[in-house]
Amino acid sequence: MMNKNLPGWRELPEGAVVRDPGNTETIDVSGWRVFKPVIIDDKCTRCRLCWIYCPDGAIIEVIDEKAKMGKRYEVDYVHCKGCGICYAECPVNAIEWVPEER
Amino acid sequence: MALKEVGPMEEIRNHMQIPRPEYIAGGHSACQGCGHFVIIRHLLKASGPNTIVVNPTGCVEVVTTVFPYSSWKVPWIHVAFENGGAVASGVEAAVRTLQRKGVLSEDEPINVIVFAGDGGTVDIGFQSLSGMLERGHKVVYVLLDNEAYMNTGIQRSGSTPFGAWTTTTPVGKKWKGEWRVRKDMIQIAVAHHIPYAATINPAYPVDMYNKMVKALKADGPAFLHAYSPCPTGWRFDPSKTIEVARLAVLTGYWVLYEYDHGKYKVNVPVLKRKPIREFIKIQGRFRHMTEEQIKRLQEIVDEQVEMINKLVGRTVIGPVEG
Amino acid sequence: MPRLALTTNYAVAHAAKDSDVDVIAAYPITPSTPAAEKLAEFAANGEIDAEYIHVESEHSAASALVGASAVGARTFTVTASQGLIYMSEVLYIASGLRLPIVLGVASRALSAPLSIWGDMHDIAVLRDAGIVTYFVSSAQEAYDTVIQAFKVAEDPRVHLPAIVDYDGFVLSHVTEPVETLEKEEVLKFIPKKITWNTLNPKNPISMGTVGEPDWYYEFKYQQQVAMENALKVAEEVDEEFGKVFGRKYGVVEPFMMEDAEVALLAYGAHAGTARVAVERARKEGIKVGLVRLKLWRPFPVPHLKKLFDGISVVGVLDRAMSLGAPRQGPVALDLMAMYASDPSSAPKMASYTIGIGQRDVRVEDILYIINQLAEFAKGKEIPERTIPIGLRE
Ligand SMILES: Cc1ncc(C[n+]2csc(CCOP(=O)(O)OP(=O)(O)O)c2C)c(N)n1
Ligand code: SF4
Ligand code: SF4
Ligand code: SF4
Ligand SMILES: [Mg+2]
């Protein structure tokens with residue numbers, strides 16, 4: 001079926017190139033999750049492993065002078081798919097695995 | 001004191017130094033826990049923004065670039081399935097010529113990286129890779145090995161391990177999964193007289209990062225063979241991607257070693273190996289294996305370990321713990 | 001203007017050199033091998049400032065050129081036969097990616113049986129790929145057309161690959177005098193200007209994305225529009241080439257068409273043989289003309305319609321066979337389709353195959369065809385099939 005709301009051939013870039021690279025960032029994949037990781041900041045030792053191992057780049061390292069050791073780790077819940085790697089790999093169990101409520 | 005983050009193309013001493021900028025965006029549609037993306041994230045961090053990526057057909061390509069979207073923040077091209085080596089050869093040759101002719105600036109060297117699957121490398125893209133290595137193009141070719149054709153739904157490749165179930169090596173009355181021994185791609189790459197080849201594994205990010213830096217700095221083609229667990233095709237829970245990757249190293253199934261200008265080195269020694277049983281028991285693709293098959297797979301791993309120990313000239317990977 | 005004695009293979013190599021190509025990737029195959037060798041010789045002597053990639057296959061030759069063109073390089077290769085169809089997967093992609101790669105093709109038969117000899121089966125396979133395709137009929141024309149092909153391919157209204165096709169052996173290996181041009185004057189005609197999408201870290205883009213059902217069709221249509229544009233652009237470029245260098249060819253070349261009653265449509269080297277036959281037939285009182293098809297893709301519909309207006313029968317001489325099609329000749333099929341929406345304006349059309357696998361094509365063979373056309377004009381029924389010429393029963 002033809003989607004009339006999409007641009008016509010004249011308006012599309014030649015050769016199907018994407019000129020706005022990285023724009024999958026605008027895609028919300030939160031719907032993939034059954035569980036979500038929740039970082040307990042008090043327990044977090046800033047070891048950085050969750051940030052390293054996340055396939056979706058969904059752990060954000062936030063520089064914050066007021067935070068313990070000058071930074072803290074947050075989950076980007078738009079891009080986190082809920083794979084559980086961060087939860088499995090956190091060496092100090094600072095990540096809780098919480099069912100998504102829908 | 002924590003070490004400071006480095007810029008691209010610099011080796012690191014610990015994982016705190018891995019630079020923060022990301023060159024692959026989230027929001028792509030890879031399965032939960034896909035190993036490919038842990039690897040790609042870090043290799044691109046090591047390479048930095050002055051990079052052109054060539055990406056043959058496969059999971060990575062399909063999940064990142066469905067028009068009008070792309071996850072790639074560096075220039076990226078996909079042409080076909082079997083020609084990653086040749087496309088990269090052309091990119092590299094063109095960059096070199098256009099720099100010489102003053103069309104592109106010579107001040108900022110451009111890294112050319114191929115991210116190809118095992119199907120796109122050990123099978124259909126084998127010849128194209130061989131040509132690229134033999135001709136000496138300065139390209140880093142990264143084989144993202146998830147040990148089967150995943151994009152088309154888990155079919156065996158020349159890199160599928162002994163015993164593994166795939167949809168084309170199913171478990172039936174006669175067949176019990178894959179029955180042949182996979183190709184040794186590092187040895188094949190080294191046979192092309194290239195300066196640098198290494199195995200990498202996402203559970204060892206510092207080793208992986210530094211090998212990428214060495215590969216980028218090599219005076220010719222470099223080949224990185226990345227172990228890339230695929231929860232969907234290997235039948236394990238996506239939270240276990242790093243655990244599976246780590247067990248591959250701890251069992252000697254995946255030895256982390258490198259070939260650097262004629263010298264072999266094991267980068268992650270394993271004094272006492274875990275039995276291969278530990279590695280296969282958490283993956284559904286090996287669930288059907290008989291005692292005899294497990295014994296055979298252990299033998300295959302032992303032989304590979306022995307070969308690598310010989311290459312480095314001493315026993316760096318030890319025996320299976322008793 | 002240096003005047004050299006060159007085969008067509010050498011002529012296309014010279015044209016690539018004089019066009020200052022940046023990257024060449026070539027693989028040997030008869031009858032295009034001497035062109036690949038000539039280019040290597042230029043590189044070896046530093047007469048050309050290009051990377052010469054010694055690819056391990058034609059598939060890789062096309063792939064490497066896609067990579068190079070995607071970075072902004074001017075690229076060239078030569079091939080034939082199995083090599084061309086081995087490239088075909090990648091050439092479809094090159095067109096879809098809108099990359100202005102130029103190829104010289106010394107057309108040759110396709111296996112099996114293996115034949116190193118000339119015909120146009122190879123180029124016929126690429127007919128639908130979205131590649132601007134020229135047929136030439138002399139070494140000079142091949143030289144000039146390679147230069148024109150770069151200008152057409154790189155034109156922003158086009159941005160498609162282009163092929164300059166020349167008959168294997170009959171043209172590829174025959175030496176003729178060729179006036180070559182100085183690189184400086186060629187570059188004035190085809191300045192190095194990157195107008196197509198390229199990979200550059202300063203402005204990162206993604207090329208070769210997935211086209212889902214919501215999008216794929218629009219991109220294919222863009223290619224079709226680019227093809228349609230190429231007809232006008234090819235004419236403009238030929239016109240300009242004529243003004244600057246004094247030689248032009250047209251997208252079709254009529255011969256004795258002014259008062260013709262029947263006509264031949266031919267291409268490549270055999271158009272030359274047909275010309276001789278037409279002259280002879282004229283002496284015998286047959287009012288026959290000839291149209292040489294120079295540009296096959298895009299098909300020059302308005303030009304042919306104009307030329308064939310009022311002609312009673314057109315005989316199409318094809319050097320390839322589309323097996324199982326309503327007629328075997330690929331150009332005959334095009335011509336018939338051209339009149340599909342307006343059959344009342346159409347001449348009667350007869351399809352012939354000639355020169356298959358280098359079967360000799362003599363002037364007598366074409367005279368035989370012309371005589372048949374004259375009979376068809378008088379009312380004799382045209383068989384509903386392609387008429388094979390020079391075939392043993
Ligand atoms: C010439 C050709 N044959 C087959 C395919 C279908 N195909 C696309 S991707 C793919 C498998 C990719 O496997 P691999 O290279 O291992 O990458 P993965 O998806 O596992 O990461 C296949 C068979 C194709 N695109 N082109
Ligand atoms: S659950 Fe997976 S996707 Fe989500 S933040 Fe943790 S590692 Fe990343
Ligand atoms: S892995 Fe755990 S301790 Fe380490 S940074 Fe992440 S949350 Fe903190
Ligand atoms: S099938 Fe495997 S390799 Fe492909 S996206 Fe899913 S997890 Fe990644
Ligand atoms: Mg694979």
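By convention in this document, chain letters (A, B, ...) are assigned in the order of the sequence lines, proteins followed by strands, and residues within each chain are numbered from 1.
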- Given side chains that start at C-beta, do those of C/Pro201 and B/Ile110 come closer than 4.5 Å, heavy atoms only? yes
- How long is the span from the OG1 atom in B/Thr97 to the CD1 atom in C/Ile53, to the nearest 0.5 Å? 8.0 Å
- Message: Please classify the contact between C/Asn203 and chain B as side chain, backbone, both or neither, with a heavy-atom cut-off of under 4.5 Å.
- Response: neither
- Bottom line for B/Val74: the part with an atom under 4.5 Å from chain C's heavy atoms is backbone
- Is the distance between the ring centroids of C/Tyr216 and B/Phe67 less than 6.0 Å? no
- Query: Which bit of B/Glu108 comes within less than 4.5 Å of chain C, counting heavy atoms only: side chain, backbone, both or neither?
  - Reply: side chain
- Can any side-chain N or O of B/Lys101 pair as donor or acceptor with the backbone N or O of C/Asp49 at less than 3.5 Å? yes
- Query: For B/Tyr69, does the OH atom sit with more than 12 other heavy atoms under 6.0 Å from it, leaving out its own atoms?
  - Reply: no
- Shortest non-hydrogen pair, C/Gly67 vs B/Val91, comes out as O-CG2, 3.5 Å
- Task: Would you mind checking if C/Glu51 and B/Arg135 are paired as a salt bridge, meaning a charged N to carboxylate O distance below 4.0 Å?
- Result: no
- Item | Most contacts with chain C, counted as non-hydrogen pairs under 4.5 angstrom, among B/Ala88, B/Gly85, B/Pro49, B/Ala94 | B/Ala94
- Hey, could you give me the CH2/OG1 distance between B/Trp72 and C/Thr209, rounded to the nearest 0.5 Å? 14.0 Å
- Top residue by heavy-atom pair count (under 4.5 Å) with chain C, among B/Gly131, B/Ala93, B/Ser71, B/Ser105? B/Ala93
- Honestly, the part of C/Val55 sitting under 4.5 Å from a heavy atom of chain B is both
- Please lay out, stage by stage, how B/Glu61 and C/Val210 fare under the test side chain to side chain contact (heavy atoms under 4.5 Å, CB included). CA-CA 8 Å; B/Glu61 168 256 333; C/Val210 176; 3.5 Å; yes
- Query: Considering only heavy atoms, which portion of B/Ser128 lies under 4.5 Å from any heavy atom of chain C: side chain, backbone, both, or neither?
  - Reply: both
- Per-residue contact mode, C/Phe219 against chain B (heavy atom under 4.5 angstrom): side chain
- How long is the gap from CD1 on B/Ile77 to CD1 on C/Ile93, to the nearest 0.5 Å? 9.5 Å
- Which portion of B/Val112 sits near chain C, non-hydrogen atoms under 4.5 angstrom: neither
- Item | Contact class of C/Asp20 relative to chain B, heavy atoms under 4.5 angstrom | both
- Query: Between B/Ser70 and C/Ser206, do the side chains contain an N or O donor and an N or O acceptor separated by less than 3.5 Å?
  - Reply: yes
- Message: Could you measure the distance from the CG atom of B/Leu104 to the NZ atom of C/Lys202? Nearest 0.5 Å is fine.
- Response: 8.0 Å
- When rounded to the nearest 0.5 angstrom, what is the spacing between OG in C/Ser57 and CD in B/Gln127? 4.5 Å
- Message: Please classify the contact between C/Ala25 and chain B as side chain, backbone, both or neither, with a heavy-atom cut-off of under 4.5 Å.
- Response: neither
- Message: Side chains of B/His78 and C/Met207, heavy atoms from C-beta outward: is any pair under 4.5 Å?
- Response: no
- Going by heavy atoms in the side chains, are B/Val103 and C/Asp22 under 4.5 Å from each other? no
- Item | Rounded distance [0.5 Å steps], CZ in B/Phe81 versus CD in C/Glu89 | 10.5 Å
- Side chain, backbone, both or neither: which part of C/Ala50 has a non-hydrogen atom closer than 4.5 Å to chain B? backbone
